[in-house]
Amino acid sequence: MSPRNEARIREFVGELATFAVGAESMLSEAEQFPGGRKALLERFAGMMITIRGTAVHLGFENVSRIATIGEEIAVKGADLDSNSKLRKCIGSLWDVVTTVKYLIEHHDQETGEEQEILEHRLESTLGSLGGARARVGQDEIEALLRGRS
């Protein structure tokens with residue numbers, strides 16, 4: 001890996017460390033103060049979008065997948081009324097934060113069966129919250145733009 005990429009990875013890991021501290025306080029606050037939960041989880045989803053974009057740019061597909069699932073769970077969690085589902089949602093988001101941090105810090109190592117199990121568990125949680133939002137692919141966007149011309 002080039003020195004430039006290594007520097008970007010170190011910068012990304014540093015940003016993630018800052019993010020992890022902020023995410024920890026956000027998740028703790030969301031657990032304790034349901035009134036502000038929606039805004040906190042929406043902000044958390046925004047952080048996941050940022051991490052996903054950087055991960056895609058650096059070629060960390062595994063980080064991108066976990067961040068995408070985390071974003072979706074946070075978006076769904078913002079509208080939950082059930083305390084048990086909220087606890088499950090926030091517990092899953094803790095898993096997302098720790099996993100993303102671990103994957104970035106150990107980017108040069110192979111990920112194994114544990115990550116697949118975690119992804120499956122996070123996807124199951126997302127499914128129990130109603131599933132992911134509909135996504136529009138690049139081909140669909142291009143077709144829509146051609147139709148407007």
I want to check something: taking the side chain as every heavy atom from C-beta on, are L80 and C89 in contact at a cut-off of under 4.5 Å? yes
Suppose we screen for side chain to side chain donor-acceptor pair (under 3.5 Å). Which residues come up paired with E116, at least two apart in sequence or across chains? none
Nearest-0.5 Å distance, CZ of residue F60 to CD1 of residue I51: 12.5 Å
Within this structure, what is the OG1-CD1 distance for the pair T68 and I73, rounded to the nearest 0.5 Å? 11.0 Å
Under 3.5 Å, is there a donor-acceptor pair between the side chain of K76 and the main chain of G131? yes
Would you indicate whether R65, at its atom CZ, is surrounded by more than 12 heavy atoms from other residues, nucleotides or ligands within a distance under 6.0 Å? yes
When rounded to the nearest 0.5 Å, the distance separating CD1 of I90 from CZ of F44 is 9.5 Å
Which residues share a side chain to side chain donor-acceptor pair (under 3.5 Å) with R121, sequence neighbours left out: D95
Looking at I69, is its backbone amide N or carbonyl O close enough to the side chain of R52 to form a donor-acceptor pair, meaning the two atoms are under 3.5 Å apart? no
Transitive ILVMFWY side-chain link V97 to V75, under 4.5 Å: no
Hey, does M47 have a side-chain heavy atom less than 4.5 Å from the side chain of T50? no
What distance separates L93 CG from K88 NZ, expressed to the nearest 0.5 Å? 12.5 Å
Look up atom NZ in K38 and atom CG in D79, then write down how far apart they are to the nearest 0.5 Å. 3.5 Å
Following the transitive rule for hydrophobic clusters with a side-chain heavy-atom cut-off under 4.5 Å over Ile, Leu, Val, Met, Phe, Trp and Tyr, establish whether L41 and W94 coincide in one cluster. yes
Starting at NE2 of H120, measure out to OG1 of T125 and round the result to the nearest 0.5 Å. 10.0 Å
Non-neighbouring partners of T99 that pass side-chain contact (heavy atoms from CB on, under 4.5 Å), sequence neighbours left out: I66, L103, L118
